[in-house]
Amino acid sequence: MRAKRVVLAYSGGVDTSVCIPYLLHEWGAQEVIALAVDLGQNEDMEQIRQKALTSGAVAAYVADGKASFVTDYIWPSLAANAMYEGYYPLATALARPLIARLLVEVALEHGCDAVAHGCTGKGNDQVRFDVSIKALAPYLTVLAPAREWGMTREETIAYGERYGIPSPVTKKSPYSVDFNLYGRSIECGSLEDPWTEPPAEIYGMTTDPESAPDQPGYVTVGFTAGIPVSLDGVVLGPVALIDQLNILTGSHGVGRIDLVEDRLVGIKSREIYECPAALVLIASHRALEAMTLTREVSLYKQQHIEPTYAQLVYNGLWYSPLRQALDGFLTSTQATVTGEVRLKLFKGQATVVGRRSPQSLYDNGLATYAQGDSFDHRAAEGFIYVWGLPTKVWSAVHRP
Ligand code: ARG
């Protein structure tokens with residue numbers, strides 16, 4: 001017996017469904033409690049809850065994680081402009097520590113001694129779940145049946161049927177999809193060949209840029225202290241803001257990413273992402289930072305904080321002291337990141353075309369090429385003499 005009472009992260013798919021009888025009959029659990037988390041994946045959560053009960057769970061709960069997802073996970077990550085390996089805004093990766101936190105809450109409430117998830121042994125998500133759960137509740141056992149059971153898909157379905165889990169009625173799509181408010185991740189099927197162009201059928205949040213409107217659209221994103229608060233001047237709650245931005249920018253074909261990325265477990269994998277709101281928010285946040293942070297803070301943040309932050313999110317270290325420390329830097333730098341950014345949306349591109357801020361460091365008197373600027377032109381000469389000195393000395397020695 002591996003555990004007495006287990007809370008399972010439940011998605012409604014075949015794998016997590018089969019985890020229920022497997023935990024009960026192979027691993028000797030007495031009770032399995034299922035927890036499904038609504039992160040804006042547009043699924044019928046009540047139907048998923050019922051399916052957990054049919055699959056043998058003693059109880060099944062649905063948690064609405066949307067508001068916390070945006071406020072506690074997406075906003076901090078946006079402050080860091082976090083993009084793994086420069087391209088992936090981390091929608092799937094950011095959701096895992098939240099799901100882990102909700103699992104631990106249910107575990108404590110119901111006196112569970114273990115937490116289970118349906119991840120296999122090849123991906124990043126198992127790492128994120130295991131490490132997050134252990135970080136929050138080191139005394140809980142983590143169980144990952146699919147990491148050990150070694151069944152093929154057909155065997156998994158057959159195993160489920162023995163315990164009354166209906167085999168999927170529709171022919172299963174060859175793709176593996178993870179979907180939440182911050183984006184959609186798609187892999188497998190023909191995408192496993194990195195040379196093959198993604199087929200149109202895989203997309204769900206974005207219009208094909210080629211058939212996107214012929215007229216450009218515009219959107220203005222308002223920020224207060226680094227946090228998005230409005231669209232086109234209308235103040236919106238966090239979930240509504242991301243929802244609306246996804247719809248608007250996705251309709252212009254913005255948000256598609258085709259990537260070969262490095263998983264933590266050492267495997268390169270090809271993944272397609274759709275993250276319209278994420279890309280637009282990061283582009284606008286960067287544009288506002290460029291206006292409101294000093295050169296030194298910007299550079300240090302881009303070179304050291306942002307890539308480190310993205311890596312730690314990707315690698316499952318959300319609940320680590322490193323993130324807390326970096327959040328300290330981010331909170332301090334975001335204090336002045338207030339203002340508005342205007343973007344043009346056109347056939348797959350979101351381009352920043354305007355920005356303004358009450359905290360702007362942009363000084364037109366210094367920047368202007370018109371008559372009467374306030375910059376001391378003569379000061380440049382002495383500055384350049386000192387600035388260029390090391391290079392001049394090197395050249396005198398090596399290129400006499
Ligand atoms: N590669 C992404 C990550 O590790 C997404 C993983 C889940 N993808 C999927 N298609 N099910 O964060």
Side-chain angles (χ1 to χ4, degrees), residues 9-17 19 36-37 39-43 48 65 69 73-74 76-78 80-100 117-132 144 146-147 153 156 168 172-194 196 198-199 201-206 255-279 282 307-319 323:
Y10 188 73
S11 72
V14 176
D15 286 315
T16 53
S17 297
C19 280
V37 183
L39 294 172
Q41 62 269 49
N42 293 332
E43 283 178 314
I48 292 176
F69 185 40
Y73 299 84
I74 294 176
S77 156
L78 176 63
N81 298 317
M83 299 253 243
Y84 181 66
E85 294 186 331
Y87 294 100
Y88 162 43
L90 296 156
T92 298
L94 283 165
R96 300 304 180 234
L98 167 58
I99 298 170
H117 60 74
C119 302
T120 66
K122 281 172 79 170
N124 297 309
D125 286 328
Q126 53 165 346
V127 181
R128 298 166 185 153
F129 277 124
D130 287 33
V131 175
S132 298
R147 191 155 60 193
R153 185 163 177 82
T156 311
K172 201 203 174 245
S173 133
Y175 308 106
S176 158
V177 178
D178 182 69
F179 185 17
N180 64 44
L181 267 174
Y182 207 45
R184 239 174 125 247
S185 309
I186 312 126
E187 58 185 354
C188 304
S190 66
L191 303 172
E192 285 182 356
D193 176 357
T196 299
E201 71 196 28
I202 68 164
Y203 295 105
M205 293 177 89
T206 54
R256 297 184 175 187
I257 299 164
D258 180 340
L259 193 63
V260 171
E261 73 189 30
D262 290 284
R263 288 190 194 159
L264 180 59
V265 294
I267 301 169
K268 283 195 188 291
S269 73
R270 201 276 188 96
E271 188 108 36
I272 307 299
Y273 298 106
E274 292 185 280
C275 26
L279 290 192
I282 292 170
T308 306
Y309 205 92
Q311 277 161 32
L312 83 81
V313 172
Y314 191 85
N315 294 336
L317 299 181
W318 184 265
Y319 298 112
R323 199 201 99 240

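In listed order, ligands and their atoms are each counted from 1.
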message: Any donor-acceptor pair under 3.5 Å linking the side-chain atoms of Ser190 with those of Thr196?
response: no

Check: Glu201/Tyr175 side-chain N/O donor and acceptor closer than 3.5 Å: yes

message: Please state which option from Glu271, Arg96, Arg128, Arg263 has its nearest heavy atom closest to atom 3 (C) of ligand 1.
response: Arg128

query: Hey, which atoms in ligand 1 end up nearer than 4.0 Å to a heavy atom of Asn124?
result: 3 (C), 4 (O)

message: Give me the residue, atom name and distance of the protein heavy atom closest to atom 11 (N) of ligand 1.
response: Ser176 OG, 2.9 Å

- line: of all protein heavy atoms, closest to atom 2 (C) of ligand 1 is Tyr273 OH, 3.2 Å

- prompt: Do Arg256 and Ile272 come close enough that some side-chain heavy atom pair is under 4.5 Å?
  reply: no

query: Is there a side-chain contact between Arg96 and Ser132 (heavy atoms, below 4.5 Å)?
result: no

message: With the threshold set at under 4.0 angstrom, would you say Tyr88 reaches ligand 1 through any of its heavy atoms?
response: yes

query: Which class fits the ring pair Tyr182 and Phe69: parallel under 30°, tilted 30 to 60°, perpendicular over 60°?
result: perpendicular

- prompt: What do you reckon, does Ser185 have a nitrogen or oxygen under 3.5 Å from a nitrogen or oxygen of ligand 1?
  reply: yes

